[in-house]
Amino acid sequence: REPGRVGEAVPQEIPPDPPLLPSTLSLPSSHPSLPVAGGDTGWADSEVDSSCAGQPIHLWQFLKELLLKPHNYGRFIRWLNKIEDSAQVARLWGIRKNRPAMNYDKLSRSIRQYYKKGIIRKPDISQRLVYQFVHPV
DNA sequence: GAAAAGGAATTCC
DNA sequence: GGAATTCCTTTTC
């Protein structure tokens, strides 16, 4: 009864501490815009279809429908994820790469190397801790 | 003050 | 050799 706000998906919570090694960190390449912290967040597909038996649809349901089909509506509305805890993300990356001295300064430098390669870029309206995967051609 | 942006040197596979 | 790391300075938010 308290759906996340649309436009920015705020991860509910970050795994406390466990040095988990998600070997298959699925980066939704289908999403046009997102940061490095990925995964579905916020509202699970609890009441996906908005057909609550003739009840008039709620706005938030409608918005979710659009968000669910980025292929159709991604140009108009889409989830935007952002890095919430840069230090933690860097720490996880350091664990994955066995680089204990990793930090966000270095991680972000590596991300910036992607700019000229056209893999990741900064969104048109640059925001802190927000990057954008470039659509593959 | 933390994040962004790069240049440059170094390290790793 | 390429990707990533390390280190650094300057600029922006």
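Values in this document were obtained by computation on a predicted structure and should not be read as measured data. The chains referred to below are lettered A, B, ... by the order of the sequence lines, with proteins before strands, and numbering in each begins at 1.
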Does Tyr115(A) have a side-chain nitrogen or oxygen under 4.0 Å from the phosphate oxygens OP1 or OP2 of dA4(B)? no
Only distances under 3.5 Å count here; give the side-chain donor-acceptor pairs of residues 113-120 of chain A to other protein atoms, sequence neighbours excluded, each with its distance to 0.1 Å.
unit_1, atom_1, unit_2, atom_2, d
Gln113(A), OE1, Lys116(A), NZ, 3.2

Just the rounded figure in Å: distance from P of dA2(B) to CG of Leu107(A). 17 Å
Would a distance-only check, ignoring hydrogens and angles, find a side-chain to backbone donor-acceptor pair under 3.5 Å from Gln61(A) to His58(A)? yes
With a 4.0 Å cut-off on N to O distance, would you call Lys82(A) and Asp85(A) a salt bridge? no
Tyr104(A) backbone acceptor or donor facing Ser108(A) side chain under 3.5 Å: yes
With a cut-off of less than 4.0 Å, is there a side-chain N or O of Ser126(A) near OP1 or OP2 of dA4(B)? no
Examine dA4(C): is either OP1 or OP2 under 4.0 Å from a nitrogen or oxygen in the side chain of Trp93(A)? Give yes or no. no
Please determine whether a side-chain nitrogen or oxygen atom of Tyr114(A) lies at a distance below 4.0 Å from atom OP1 or OP2 of dA3(C). no
Could you please name the option among dA5(B), dA4(C), dT5(C) that lies closest to any side-chain atom of Lys117(A)? dA4(C)
Between the opening five pairs and the closing five pairs of the helix from dG1(B)-dC13(C) to dC13(B)-dG1(C), how far apart are the helix axes, to 10°? 30°
With no hydrogens and no angle check, is any side-chain donor or acceptor of Lys122(A) less than 3.5 Å from a backbone partner on Gln132(A)? no
Encode nucleotides 7-13 of chain C as B, S and - characters from 5' to 3', where the letter depends on protein heavy atoms closer than 4.0 Å: B to the base, S only to sugar-phosphate, - to neither. BB---BB
Is it the case that the side chain of Lys106(A) and the backbone of Ala101(A) share a donor-acceptor pair, with hydrogens and angles ignored and the cut-off at 3.5 Å? yes
Quick check on dA4(C): is either OP1 or OP2 less than 4.0 Å from any side-chain nitrogen or oxygen of Lys97(A)? no
Parallel, tilted or perpendicular: which describes the rings of Tyr73(A) and Phe76(A), with under 30° parallel and over 60° perpendicular? tilted
5'-most contact on DNA chain B: Arg99(A) or Ser108(A), nearest heavy atom basis? Ser108(A)
Looking at every non-hydrogen atom in both residues, tell me the closest pair between Asn103(A) and Ala90(A) and how far apart they are. C-CB, 3.3 Å
Please report the distance, rounded to the nearest Å, between NZ in Lys122(A) and P in dG6(B). 12 Å
Test side-chain contact (heavy atoms from CB on, under 4.5 Å) on Ile83(A) and Val130(A); report intermediate values, then the result. CA-CA 6 Å; Ile83(A) 295 175; Val130(A) 175; over 6 Å; no
